A.B. asks: 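Before anything else, here's the structure in question.
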Number of protein chains: 2
Amino acid sequence: MLSKIKKQLHEANYKLTPQRESTVLVLLENEKDHLSAEEIYMLVKLKTPEIGLATVYRTLEMLTDLKILDKVSFNDGLARYDMRKEGAKHFHHHLLCLECGSIEEIEDDLLGEVEVIVEHDFHFKVKDHRLTFHGVCQKCQNK
Amino acid sequence: MLSKIKKQLHEANYKLTPQRESTVLVLLENEKDHLSAEEIYMLVKLKTPEIGLATVYRTLEMLTDLKILDKVSFNDGLARYDMRKEGAKHFHHHLLCLECGSIEEIEDDLLGEVEVIVEHDFHFKVKDHRLTFHGVCQKCQNK
DNA sequence: ATGCCTGCAAATGTTTTGCACGCCG
DNA sequence: CGGCGTGCAAAACATTTGCAGGCAT
């Protein structure tokens, strides 16, 4: 996992510095958590105290350019980052609970047929998608 | 259209001040355009020069609370606003062109079956959704 | 008078940028 | 030396908030 990313960086002529390695490790360890830049910064600082917030932002931008990361936004005014699943053809989907704010990821490919419709009816060449359902999660329904 | 919104404001105990009316008119006149707060402000200022940016933000927040508007984000770092279609059961979908940046709206209800699956398999009560396809629009494909 | 609504300016929070320094080939 | 990568501080944005005043009831 890490070694594959290392390879991708080298192929793009980036060095895997200690700061970048720590950042990637934090992202891998918290894959499900949709961390913000600030949250990532604080976690990285535990491993590698000599790091600045700007470096985290620069690393996140680089990883996004390399399509290792996806930048997502849930309308809470700040960017969050989400690891691309290896081998996944498409970006996964999210279930955002309007009551407790939790975000659940779902991997199923739900949009195969829908993409065919979009490509055919709207002559739009689909490369990727973002799908988030807003609703109430199971926990909150039981309350 | 405007009169219906006026009624909604009154029912929620808000006054339709000249600033608010201008803002709503700008939104109605540019329904397809996914304007940002700043863009809306500049357009409103042409009609009603005595208006401040803060008032536009406050009006947009109010309209969002009343579910007349939807706040959307296309990962470009600022919020955009989109009128809810009257009578539409669900939020419409977007086609974002990665080459020219244009955003096309599509109204078709593409997610009916998908929502059934989500509710059943993930025990998640769906209230709304956000779906954006990233790809290449017809114009850019022809280039 | 009371309370909603406003413009302006200041504050806030996030992200980007400028710059000088350090490190490695 | 030359250039990438860095930390820090400042700048740049987007958005929110505090406040004094205005207007309608």
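Computed from a prediction, not measured in an experiment: that's the story for all the values here. Lettering follows sequence order; numbering is per chain, from 1.
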A.B. asks: Counting side-chain heavy atoms from CB outward, which of dC5(C), dT6(C), dT15(C) is closest to Lys15(B)?
C.D. replies: dC5(C)

A.B. asks: Can you sort out the partners of Lys47(A) under salt bridge (Lys or Arg N to Asp or Glu O under 4.0 Å), two or more places apart, ordered by chain and number?
C.D. replies: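 For Lys47(A), the residues satisfying salt bridge (Lys or Arg N to Asp or Glu O under 4.0 Å) (neighbours in sequence not counted) are Glu29(A).
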
A.B. asks: Any residue in residues 41-49 of chain B with a heavy atom nearer than 4.0 angstrom to DNA chain D? Just list them by number, or reply none.
C.D. replies: none

A.B. asks: Residues in side chain to side chain contact (heavy atoms under 4.5 Å, CB included) with Leu78(A), at least two apart?
C.D. replies: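 For Leu78(A), the residues satisfying side chain to side chain contact (heavy atoms under 4.5 Å, CB included) (neighbours in sequence not counted) are Ser36(A), Asp76(A), Arg80(A).
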
A.B. asks: Taking Glu99(B) first and then Lys127(A), would you say they form a salt bridge - that is, a charged N and a carboxylate O separated by under 4.0 Å?
C.D. replies: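 The answer is no: the pair does not qualify as a salt bridge.
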
A.B. asks: Quick one: salt bridge (Lys or Arg N to Asp or Glu O under 4.0 Å) partners of Asp70(A), sequence neighbours excluded?
C.D. replies: Arg84(A), Arg130(A)

A.B. asks: Within the structure shown, what part of the strands sits under 4.0 Å from Glu50(B) by heavy-atom distance: base, sugar-phosphate, or nothing?
C.D. replies: sugar-phosphate

A.B. asks: Could you pull out all residues at least two apart from Asp65(A) that satisfy side chain to side chain contact (heavy atoms under 4.5 Å, CB included)?
C.D. replies: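 Partners of Asp65(A) by the side chain to side chain contact (heavy atoms under 4.5 Å, CB included) criterion, ordered by chain and then number, come out as Glu61(A).
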
A.B. asks: Who are the salt bridge (Lys or Arg N to Asp or Glu O under 4.0 Å) partners of Arg58(A), not counting sequence neighbours?
C.D. replies: none

A.B. asks: Below 3.5 Å, can you tabulate the donor-acceptor pairs from side chains in residues 5-21 of chain B to any protein atom, sequence neighbours excluded?
C.D. replies:
residue  : atom : partner  : partner atom : Å
His10(B) : ND1  : Lys6(B)  : O            : 3.4
Thr17(B) : OG1  : Arg20(B) : N            : 3.2
Arg20(B) : NH1  : Lys15(B) : O            : 2.9

A.B. asks: Earliest and latest nucleotide of DNA chain D, 5' to 3', sitting under 4.0 Å from a non-hydrogen atom of chain A?
C.D. replies: dG5(D) to dC8(D)

A.B. asks: May I have the distance from Arg20(A) (atom CZ) to dC24(C) (atom P), rounded to whole angstrom?
C.D. replies: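 Whole-Å distance recorded here is 14 Å.
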
A.B. asks: Starting at atom OH of Tyr14(B), determine the distance to atom C1' of dT6(C), rounded to an integer number of angstrom.
C.D. replies: 15 Å

A.B. asks: Sequence neighbours excluded, which residues qualify as side chain to side chain contact (heavy atoms under 4.5 Å, CB included) partners of Ile40(B)?
C.D. replies: Thr23(B), Val26(B), Leu27(B), Leu35(B), Val44(B), Val56(B), Leu60(B), Tyr81(B)

A.B. asks: Report yes if at least one side-chain N or O of Thr17(B) is closer than 4.0 Å to OP1 or OP2 of dT6(C); otherwise report no.
C.D. replies: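 Indeed, a polar side-chain atom of Thr17(B) lies that close.
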
A.B. asks: Keeping the roles fixed (side chain from Asn75(A), backbone from Lys71(B)), state whether a donor-acceptor pair exists under 3.5 Å.
C.D. replies: yes

A.B. asks: Strictly below 4.0 Å, heavy-atom distances to any atom of DNA chain D: list the hits from residues 55-83 of chain A, or just say none.
C.D. replies: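 Those residues whose heavy atoms fall under 4.0 Å from DNA chain D, taken from residues 55-83 of chain A in numerical order, are Thr55(A), Arg58(A).
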
A.B. asks: Looking for any heavy atom pair under 4.0 Å, which part of the strands does Leu53(B) touch: base, sugar-phosphate only, or nothing?
C.D. replies: base

A.B. asks: Can you name the ring pair (Phe, Tyr, Trp, His ring centres under 6.0 Å) partners of His34(B), sequence neighbours left out?
C.D. replies: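 In terms of ring pair (Phe, Tyr, Trp, His ring centres under 6.0 Å), with neighbours along the sequence ignored, His34(B) is linked to Phe74(B), His94(B).
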
A.B. asks: Side-chain atoms of residues 131-143 of chain A: list all donor-acceptor pairs with protein atoms under 3.5 Å, sequence neighbours left out, distances to 0.1 Å.
C.D. replies:
residue   : atom : partner   : partner atom : Å
Gln141(A) : NE2  : Val136(A) : O            : 3.0
Gln141(A) : NE2  : His123(B) : O            : 3.0
Asn142(A) : ND2  : Gln138(A) : O            : 3.4

